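The structure appears below as structure tokens.
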Amino acid sequence: MADHYFSAHPTSTPHPRVVDVSLGGRQVHVTTSAGVFSPERLDPGTSVLLAEAPAPTGGGTLLDIGCGWGPIALHLALCDPTATVYAVDVNDRARELTRRNAASVSATGVITAAPDEVPDTVNFDEIWSNPPIHIGKDALHDILLRWLPRLVVGGHAWLVVQKHLGSDSLARWLSQSLPDDFTVERAASKKAFRVLHVSRADDRPRADISHPA
């Protein structure tokens, strides 16, 4: 069976290569390989996501779903060195590349993990992903419903999806499938991609700042 970027244990010859990319406001050299997503370059959809979604600045715990060789996780960690960034992928070659690349660019906040290695007690202030659309609709839905409900109250998620691969239908499905305190909206549309913004309402009572008469 041929390898896919969502294969857990790629068997293809790696053929590592060095790619020059801009992440987190820096020009960096990273290593990519066959058997992972977009080994030749920064994927155009990921590029749109990094350009259009606001960079994190508040620390906290962040998640990159389907990290590949690590562009999103590295970008998040370089933008906000105080954050803890979980870079999650089923593909063990992808995780190893992300681990190496994080070390090479001094992105010390990156933790690489297989999905089942992330403790159930960990929730996320932000979730970012160029989700694996080609894995199939049911499997994709399972992934998103596994992780998005782990947003903290007041948290945000940013997803990029090609328009012709069902970005609008995915947004509708998310709106119908996530709990009532989640909101899904189209944040940006650029080239062939849409950036979806998922937020979890902060329903905590506001402090009473009224002044006595």
Side-chain angles (χ1 to χ4, degrees), residues 24 45-67 71-89 109-111 113 115-133 135 137-163 165-190 193-212:
T46 300
S47 180
V48 168
L49 177 64
L50 301 187
E52 297 297 324
T57 57
T61 304
L62 315 181
L63 172 65
D64 171 11
I65 305 172
C67 62
I72 295 175
L74 299 183
H75 173 81
L76 298 178
L78 292 173
C79 285
D80 189 355
T82 66
T84 298
V85 182
Y86 280 84
V88 172
D89 205 300
V110 174
I111 299 172
D116 290 341
E117 294 173 341
V118 180
D120 292 338
T121 54
V122 176
N123 293 310
F124 303 99
D125 298 280
E126 295 191 22
I127 295 175
W128 291 53
S129 186
N130 183 348
I133 297 296
I135 199 172
K137 184 180 292 186
D138 290 343
L140 174 66
H141 290 176
D142 287 344
I143 290 171
L144 295 177
L145 288 183
R146 176 177 187 171
W147 296 110
L148 290 177
R150 291 173 68 169
L151 274 178
V152 302
V153 170
H156 301 270
W158 305 93
L159 313 175
V160 65
V161 183
Q162 283 196 44
K163 296 175 186 176
L165 292 180
S167 59
D168 292 342
S169 61
L170 180 63
R172 288 192 295 271
W173 175 82
L174 286 170
S175 295
Q176 296 163 0
S177 303
L178 289 170
D180 290 343
D181 57 342
F182 284 75
T183 299
V184 181
E185 59 187 353
R186 184 192 304 171
S189 184
K190 186 174 182 181
F193 301 92
R194 296 210 198 285
V195 176
L196 304 181
H197 176 213
V198 181
S199 57
R200 188 169 195 175
D202 187 345
D203 57 359
R204 292 171 293 189
R206 296 180 181 272
D208 183 358
I209 58 173
S210 60
H211 298 285

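Keep in mind that what you see is a predicted model, and the values were worked out from it rather than measured. For the single chain, residues carry numbers from 1 onward in sequence order.
- Here the side chain of R194 pairs no donor or acceptor atom with the backbone of S167 at under 3.5 angstrom.
- Checking side-chain atoms of D125 against main-chain N and O of T61 turns up a donor-acceptor pair under 3.5 Å.
- Distance check, rounded to the nearest 0.5 Å: CG of L165 to CZ of F193 gives 8.5 Å.
- Using modelled atom types, one side-chain atom of D80 and one backbone atom of G58 make a donor-acceptor pair closer than 3.5 Å.
- Considering CG of L74 and CG of L50, their distance stands at 10.0 Å, rounded to 0.5 Å.
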Next on the checklist: Please determine whether side-chain contact (heavy atoms from CB on, under 4.5 Å) holds for the pair I135 and I143, giving the CA-CA distance in whole Å, both sets of side-chain angles, and the decisive distance to 0.1 Å.
Outcome noted: CA-CA 10 Å; I135 199 172; I143 290 171; 4.2 Å; yes
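- Between the side chain of R186 and the backbone N or O of D168 there is no donor-acceptor pair closer than 3.5 Å.
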Next on the checklist: Set out, in order, the CA-CA distance, both residues' side-chain angles and the distance that settles side-chain contact (heavy atoms from CB on, under 4.5 Å) for F124 and V118, then state yes or no.
Outcome noted: CA-CA 11 Å; F124 303 99; V118 180; 4.1 Å; yes
Next on the checklist: Between L178 and L145, is the side-chain contact (heavy atoms from CB on, under 4.5 Å) condition met? List the steps.
Outcome noted: CA-CA 7 Å; L178 289 170; L145 288 183; 4.0 Å; yes
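- A heavy-atom distance below 4.5 Å is not found between the side chains of H141 and S177.
- The side-chain heavy atoms of P132 and L140, taken from C-beta on, include a pair separated by under 4.5 Å.
- In this structure, OG on S189 lies 3.0 Å from NZ on K163, to the nearest 0.5 angstrom.
- Checking side-chain atoms of N123 against main-chain N and O of V152 turns up no donor-acceptor pair under 3.5 Å.
- Within the model, atoms CD of E117 and CD1 of I111 stand 11.5 Å from one another, a figure rounded to the nearest 0.5 Å.
- Atom NZ of K137 sits in a sparse spot, with 12 or fewer heavy atoms from other residues, nucleotides or ligands closer than 6.0 Å.
- Side chain of H197 to main chain of W158: no donor-acceptor pair is present (N/O by atom type, distance under 3.5 Å, no hydrogens or angles).
- The shortest heavy-atom contact between P149 and L144 is CD-O, 3.7 Å.
- A donor-acceptor distance shorter than 3.5 angstrom exists from the side chain of D64 to the backbone of A73, with no hydrogens or angles considered.
- Here the closest non-hydrogen pair linking A77 and V110 is CB-CG2, 3.6 Å.
- Here the options are V160, V85, L76, the test is side-chain contact (heavy atoms from CB on, under 4.5 Å), and the partner is W128; only L76 passes.
- Expressed to the nearest 0.5 Å, how far CD1 of I127 lies from CD1 of I72 amounts to 12.0 Å.
- Between E126 and P56, the shortest heavy-atom distance links the atoms OE2-CB, 3.8 Å.
- Rounding to the nearest 0.5 Å places OG of S169 at 9.5 Å from CG of L174.
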Checklist entry - Does the side-chain contact (heavy atoms from CB on, under 4.5 Å) test come out yes or no for V198 and V184, once each step is laid out? => result CA-CA 5 Å; V198 181; V184 181; 4.2 Å; yes
